[in-house]
Amino acid sequence: MASPELAAGDGSYNFHLRSLSAASRDSAAAADPASDPNLLESVRRVCEMCKEAKGASDEMVARAFPVMSKLFQRCAAAPTQSVASSGVLLLTILQFFLDFGEAVLHDADGSLRTFFRSCLSREFADPIVAERTLEFLIANKTKILSSFPTLIPQFFPLLLKLIASNGERLERKFSEVLPLMMSAGSFLPLFLSLMDLPMLVVALEKVERSSGTLIGSSIATIQKSAAPEMLLALMDEAYTGSAIEDAIGNAGSDDSGPLDLADPMFLDLLKDENDGIAAKHWTSPTISSTLQAAVNSPQSDRLKQSLKMAPRFLTLYFATALRDVNDSLLCALIPVVMSRYAAMFPDKVYSFEVRKRLSDFILAAFQRSPDIIALLKTELALHLCWAIGEHGAGGKNRKDVARELFENLELLLYENLATSRLGLSQDTGFDPMGASSRKSSQARLLCFVVTAIAKLATFHNELLPRARVSLAKVARSRTSDRRVWQRACDYLGLLNEPAICLSVLGPSTAQGNGPGIVNWSEGGTKMVAHIPFYLLAEQKGAPIHDFSFDDLVPTE
């Protein structure tokens with residue numbers, strides 16, 4: 001006699017299995033298989049019955065698996081124009097795969113990655129799909145960590161887009177998933193992406209204004225090629241005499257214009273998978289204009305929420321790192337943390353909160369592992385030299401401090417020049433780093449020291465004679481590293497051009513409108529008659545013509 005679960009009837013296992021089987025074969029529903037609201041209920045009932053069944057469980061799973069697998073593949077392959085969301089349905093089928101995969105020898109890794117790439121990449125902004133995805137990852141985190149440890153670290157950029165789109169409503173659940181994103185390959189990129197969470201919101205909103213809703217279409221396919229439109233415009237001009245619209249002239253500061261997804265900065269921000277590469281888009285010219293537009297416009301609710309969430313996510317990230325991460329990864333993270341002190345979203349409250357957390361983390365890391373200080377002594381010295389020169393030793397009114405710091409930099413420069421003449425060290429014992437590595441580190445340090453000396457002398461003119469003496473000693477030293485020697489020669493030349501020197505080597509803080517003060521973001525519109533040619537590929541001699549700052553500051 002058939003068990004109640006297998007018996008015929010509207011609520012029976014056989015009834016639901018036949019419904020799913022018919023849906024997986026129905027060619028009429030292939031374009032939008034998730035549009036049938038009864039499918040989700042049937043999948044849930046089959047899963048529940050397989051869990052509740054005792055003796056017939058293995059048989060029920062074996063019969064249901066082929067049907068579930070075919071339905072999953074059909075939903076995942078549905079066209080992007082599908083009206084109904086398939087996210088919740090696919091997550092329910094994935095739960096079946098995880099619960100009963102061992103019984104049918106099914107590895108769910110491929111199905112999980114298919115869900116992220118084919119479904120979540122299109123539906124991360126859907127509030128229901130986003131919440132169900134986080135709940136699915138939380139409920140199965142033990143199994144995912146043990147059986148699929150690289151899954152969540154690989155797709156953490158997509159999960160960040162999910163929280164950036166849905167905001168504080170899902171913050172608590174996202175915080176439970178955040179530690180799962182950390183692995184050896186995602187540790188550093190995850191930190192950079194958390195720092196850039198507000199910028200991610202700006203990019204997503206730009207996509208939304210340019211191409212409509214974020215739900216239902218992968219961002220990678222939103223931006224279509226402009227080639228057909230340009231060809232039609234050229235044909236129209238040829239046959240009718242109408243002019244082609246000047247898109248370049250209109251694109252300047254219009255934040256609502258089409259988004260160029262070929263721009264490397266946006267490609268990095270909007271990617272779905274971790275590529276293991278540290279982001280460098282803060283040096284992109286596009287980031288400057290985009291940030292300027294965001295600062296000058298009223299902040300959206302999503303941006304306001306991201307500015308609040310990002311510091312809290314960083315707190316959780318640092319706490320997890322200090323608890324679980326080894327010293328080598330911590331040692332690699334600290335220089336990256338230092339490099340981001342001056343590169344973050346320009347909001348005063350956000351900057352204060354983030355910098356406080358960065359400082360607290362560095363102190364906590366040194367307290368946990370004091371050996372890191374010895375490993376990072378060169379990096380710490382480099383950043384200190386940079387800070388001294390970049391900020392003019394604290395300002396114009398810090399003459400005594402500037403003189404003392406200048407003397408220390410001089411001493412450091414002369415001592416390192418002396419050791420380089422002696423062959424770096426008189427120690428003939430075993431050198432684990434190797435002479436070439438030590439020489440490279442010393443040259444890097446001297447480059448920073450020479451730069452700090454030139455910057456201090458630019459900001460405090462009374463130090464100019466001593467700076468010229470120090471730089472001349474390096475320039476006359478043929479035993480010093482070629483990079484250090486070239487930098488000293490360049491700075492000596494710049495110090496002979498005070499106006500240009502103040503613009504190039506002056507502090508990053510506000511300087512007024514004195515001679516030589518140039519807004520480099522407007523370099524393409526400025527003309528100058530006398531710029532030292534050693535700035536242009538080491539060319540010598542007097543300038544033979546005027547040229548634009550475009551020759552110095554590439555547009556790309």
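Index from 1, following the sequence.
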Completion exercise
Sorted by chain and number, sequence neighbours left out, side chain to side chain donor-acceptor pair (under 3.5 Å) with Arg132 holds for none

Problem - Non-neighbouring partners of Asn461 that pass side chain to side chain donor-acceptor pair (under 3.5 Å), sequence neighbours left out - result: none

Looking at [X] and [Y], would you say the former's side chain and the latter's main chain have a donor-acceptor pair under 3.5 Å?
| X | Y | answer |
| --- | --- | --- |
| Ser146 | Lys143 | yes |
| Ser186 | Met181 | yes |
| Gln305 | Glu168 | yes |

Practice task
From the options Leu137, Ile163, Thr133, select the one residue that forms a side chain to side chain contact (heavy atoms under 4.5 Å, CB included) with Val177.
Solution key: Leu137

Completion exercise
Test ring pair (Phe, Tyr, Trp, His ring centres under 6.0 Å), reference Phe318, set Phe313, Phe187, Phe361, output is Phe361

Practice task
Check the angle between the aromatic planes of Phe345 and Tyr350 and answer parallel, tilted or perpendicular using the 30° and 60° thresholds.
Solution key: perpendicular

Practice task
Using the six-membered ring wherever Trp is involved, compare the ring planes of Phe155 and Phe116 and label them parallel, tilted or perpendicular (cut-offs 30° and 60°).
Solution key: parallel

Surrounding [atom1] of [X] (heavy atoms of other residues, nucleotides or ligands, distance under 6.0 Å), is the total greater than 12?
| X | atom1 | value |
| --- | --- | --- |
| Phe352 | CZ | no |
| Lys173 | NZ | yes |
| Lys356 | NZ | no |
| Ile128 | CD1 | no |

Less than 4.5 Å apart, any side-chain heavy atom of [X] and any of [Y]?
| X | Y | answer |
| --- | --- | --- |
| Glu135 | Ile138 | no |
| Arg483 | Arg444 | no |
| Val484 | Arg487 | no |
| His391 | Trp386 | yes |
| Arg340 | Asp196 | yes |
| Asn274 | Pro157 | yes |
| Asn166 | Asp126 | no |
| Leu329 | Leu188 | no |

Handout entry: Between Arg113 and Thr150, a side-chain donor and acceptor under 3.5 Å
Key = yes

Handout entry: All side chain to side chain contact (heavy atoms under 4.5 Å, CB included) counterparts of Ser300, not counting sequence neighbours
Key = Glu205, Arg302, Leu303

Practice task
Could you check Gln299 against Asp347 for side-chain hydrogen bond (donor to acceptor under 3.5 Å, both in side chains), going step by step and ending with a plain yes or no?
Solution key: CA-CA 10 Å; Gln299 292 182 352; Asp347 179 85; 3.3 Å; yes

Problem - Check against salt bridge (charged side-chain N to carboxylate O under 4.0 Å, His left out), Lys308 and Glu353 - result: CA-CA 9 Å; Lys308 295 177 182 178; Glu353 294 292 337; over 6 Å; no

